[in-house]
Amino acid sequence: MTMDVKAVGDVKALRLPAFFAKRGIHYSWVVAAVTFLTMLVTAGAVGAPGVLIGPLEKEFGWSTAEISTALAVRLVLYGFMGPFAAAFMNHFGVRRVASTALVLIAVGVLGSLFMTSVWQLFVLWGVVVGLGTGLTAMVLGATVVTRWFSSRRGLVMGLLTASTATGQLVFLPLLAALTEAYGWRVALIFVLSMLLVAAVGVLWLMRDRPSDLGIAPFGADAATVQVAAPTSFKGMLASPLIVLKDAAQTRTFWVLFGTFFVCGASTNGLVQTHFVSLCGDFGIVPVTAAGILAMIGIFDFFGTIGSGWLSDRFDSRILLFSYYGLRGLSLIYLPFTNFSFYELSLFGIFYGLDWVATVPPTVKLTADRFGDRSNMVFGWVFTGHQLGAAFAAWGGGFSRTEYDSYLPAFFIAGVLCLMAALSMVLIGRRGDEQKVAVAA
């Protein structure tokens, strides 16, 4: 008696969703949880250098500007990989891309345990970690939400976005404590262990599409077979560039690109990278400074989820005007404080509430204006975010080296946020961006 091999495969494919379904859990939430963990851990790896600048300066004698430049390379690659990461996920599958990314990050972190020259920092943290984290940027969350959820998309996108910022900030106190007690290498070994946990989760539980398991996306009535249009490898690589060419003809794209440039410059590029060192200039120990960043992360978690809820109910342009305005005022306020615990806590609350609260309304605006191609368009908008982050990572180091203070960089970032808020008036209700949505 023979058994159909395909039938056996179908039975095995149904085991995972059936296991969770018996417990009242739709498998889409399992995939979302694995994605949350992956984005949390990789974001923690992105934020790790925030507590490494001081120890690397002391051990190797590298200047702040040299270290910041290497970290800026990482942020540039992190951003430029976004649109191509979407193409890779469509071609190779989410699980393969996510697991490959985790391996790349682990290789970069592991190699840095043995580095002795600044060029090795450029290669390992600038190039290898930059490429790996770029493959698991916010495009991963957007892809999972689009494929696995028919309803609750705003909530899930808010949760996944919050995981990115929270991972960058909440990991810092622990990494700072490990660095202070045992050295920076032990802190990186902890990062490696978390990368391993995430990799196991991806390989065991991640699936590319609901149709792979014979189930419907969450909120859908019936399973729909989602098959990507066949394309050559060359065509896959060219598709993000074609989308960019079309999107660049619209004013909406450039406003979103520019404001996200400011978003990156005023968050992970400046605050995440230099806040601990800035506090050190005022006699605040790294563990305490990292604790303020953790508080920012906690407030951001709720602020970003709330932003996702608000984005489904209010005009995204109004929300972005409010978020950038609040962030700008917070950053302008900081240089005029005495860096007391009360003042830093006040800054942390108001600044933290919209750390990445800008993401859900930006994603919604992109989806509304660019239709089916919004995934790749958002990838390019996110590139603007990371270019801004790289600019601020370098600019903060330049300010500290040339003027012996980080404060000018923080003041400039605040002014840029106010300009970003005002630029929202340039986005109309609908425009010629619809041509991009339907372009071949």
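Values in this document were obtained by computation on a predicted structure and should not be read as measured data.
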Could you walk me through whether T337 and L334 pass the side-chain contact (heavy atoms from CB on, under 4.5 Å) check? CA-CA 5 Å; T337 68; L334 185 63; 4.1 Å; yes

Using a 3.5 Å distance criterion without hydrogens, assess whether the side chain of [X] forms a donor-acceptor pair with backbone atoms of [Y].
X	Y	answer
R317	M424	no
N338	S340	no
Q120	T116	yes
Y403	P408	no
R95	V202	no
T259	V255	yes
T136	M39	no
T161	G158	no

Minimum side-chain heavy-atom gap [X]-[Y] below 4.5 Å:
X	Y	value
L320	T358	yes
F190	S193	yes
F350	L329	no
E66	L121	no
F275	L344	yes
Y406	L270	no
V94	V31	no
M115	L56	yes

Can you confirm whether more than 12 heavy atoms, excluding those of [X], are under 6.0 Å from its [atom1] atom?
X	atom1	answer
Y182	OH	no
F282	CZ	yes
F92	CZ	yes
F391	CZ	no

Centroid-centroid distance, F257 to W254, less than 6.0 Å: yes

Between F301 and W355, is the gap from one ring center to the other below 6.0 Å?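 Ring centroids of F301 and W355 are no less than 6.0 Å from each other.
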
